[in-house]
Amino acid sequence: MFVTIGERINTSRPAVREAVEKRDLAYIQDDVRRQQAAGATYVDVNAGARIGHEAEDMEWLIEVIQPVIEIPLCLDSPDPAVLEMAYGMVTQPPMINSISLEGERYETMLPFLQGKDVSVIALCMDDTGLPIGTDDVLARAKKLASGLEEAGIARERIYVDPLIQPISTDQTKGLMTLEAVRRVAQDLPGIHFTCGLSNISYGLPQRKIVNRAFLTLLMGVGLDGAILDPLDNAIMAVVKTTEMLLGQDEYCVGYLDGVRAGQIVA
Ligand code: THG
């Protein structure tokens with residue numbers, strides 16, 4: 001089943017930033033209830049945008065979100081200390097977003113994750129920066145997977161993020177990621193994926209069209225998850241429809257249910 005990580009609770013979004021500043025719990029709780037109702041598998045929580053306030057904002061967000069939804073959280077921070085604090089607050093196994101091959105982050109995160117009951121996003125980033133080609137993504141995914149598996153994280157709980165880069169800056173970035181996902185899926189059977197889908201359309205107009213088309217292509221080569229806005233009906237319809245077309249929806253039940261619920265409309 002496709003894993004949808006709802007991206008909306010992110011203080012880089014002006015409305016969320018304002019709600020967090022005002023400690024407006026009703027706004028946040030209403031938003032996450034809607035993400036859950038729309039079919040999100042996890043709710044991503046990212047409190048990184050108010051510099052100097054990340055730990056306290058994260059703590060407050062988890063406190064107000066957790067009691068009103070049944071789905072687990074995806075704890076989103078580059079700071080291992082924030083992730084550790086957040087992990088200490090959750091009442092069901094979270095997704096940890098994320099570990100990467102960046103020196104200090106890797107060295108701190110790996111022992112922290114050791115033997116824990118968590119799913120983990122493995123970001124294909126290292127100290128040299130973003131991957132520049134398909135071989136880079138593959139090599140980094142393999143290194144991360146072997147390190148995590150040695151630390152006791154089962155392959156089925158690892159979500160490789162190939163780091164989608166804007167097509168507007170380099171027309172080869174779409175193909176690079178498609179080829180990388182295909183090869184990671186082939187070389188690491190059983191592994192999962194996630195991605196910041198909207199990165200592909202950065203700098204272009206009508207971004208949602210670009211995001212939807214790319215998601216279909218990515219699912220065709222094995223991508224089975226994404227960080228996206230579950231309240232965007234059209235992208236959720238693309239997920240369900242593409243699952244059906246790829247033979248992952250027996251008797252088209254998921255698709256038909258989506259239509260009946262009014263979630264899939266042309
Ligand atoms: N990989 C991983 N984690 C991630 C990212 C990733 N976490 C953060 C980010 N990237 C994914 N989350 C968001 C959250 C909000 C928005 C985009 C990505 C967002 N985007 C609007 C847009 O794209 O136009 C801007 C504001 C809006 O419309 O609300 O909001 O890559 N592992």
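Start at 1 and go down the list; that is how both ligands and their atoms are numbered. Worth saying up front: this structure is predicted, and the values here are computed from it rather than measured.
In this structure, Tyr159 and His192 have parallel ring planes: the angle between them is below the 30° cut-off, well short of the 60° mark.
When the options Asn10, Ile5, Ile227 are ranked by their closest heavy atom to atom 4 (C) of ligand 1, first place goes to Ile227.
Residue contact check: Asn199 has heavy atoms under 4.0 Å from atoms 31 (O) of ligand 1. Annotation for ligand 1: atoms under 4.0 Å from non-hydrogen atoms of Leu123 are 32 (N). Those atoms of ligand 1 that come under 4.0 Å of a heavy atom in Ile121, given as number and element, are 32 (N). Within ligand 1, the atoms closer than 4.0 Å to a non-hydrogen atom of Gly196 are 6 (C), 31 (O), numbered from 1 in the order shown.
Contact annotation: Ser198 has at least one heavy atom less than 4.0 Å from an atom of ligand 1.
Ligand 1 has no nitrogen or oxygen under 3.5 angstrom from a nitrogen or oxygen of Asn46. Between Thr194 and ligand 1, a contact under 3.5 Å exists for no N or O pair.
Protein heavy atoms are absent from the space less than 4.0 angstrom from atom 21 (C) of ligand 1.
Of the residues Asp76, Asp229, Asp44, the one that meets the salt bridge (charged side-chain N to carboxylate O under 4.0 Å, His left out) test with Arg8 is Asp229.
Judged by distance alone, with hydrogens and angles left aside, the side-chain atoms of Gln66 form a donor-acceptor pair with the main-chain N or O of Met89 at under 3.5 Å.
Asn10 and Ser12 share a side-chain donor-acceptor pair at under 3.5 Å.
Contacts with ligand 1 closer than 4.0 Å are made by no heavy atom of Arg8, backbone or side chain. When heavy-atom distances to ligand 1 are checked against a 4.0 Å cut-off, Glu7 comes that close through both its backbone and its side chain.
Between Arg33 and Asp30, no side-chain nitrogen of the basic residue sits less than 4.0 Å from a carboxylate oxygen of the acidic one, so the salt-bridge criterion is not met. No salt bridge links Glu243 with Lys240; every basic N to acidic carboxylate O contact stays at or beyond 4.0 Å. The residues Arg140 and Asp135 are annotated as not salt-bridged, no charged nitrogen and carboxylate oxygen being separated by less than 4.0 angstrom.
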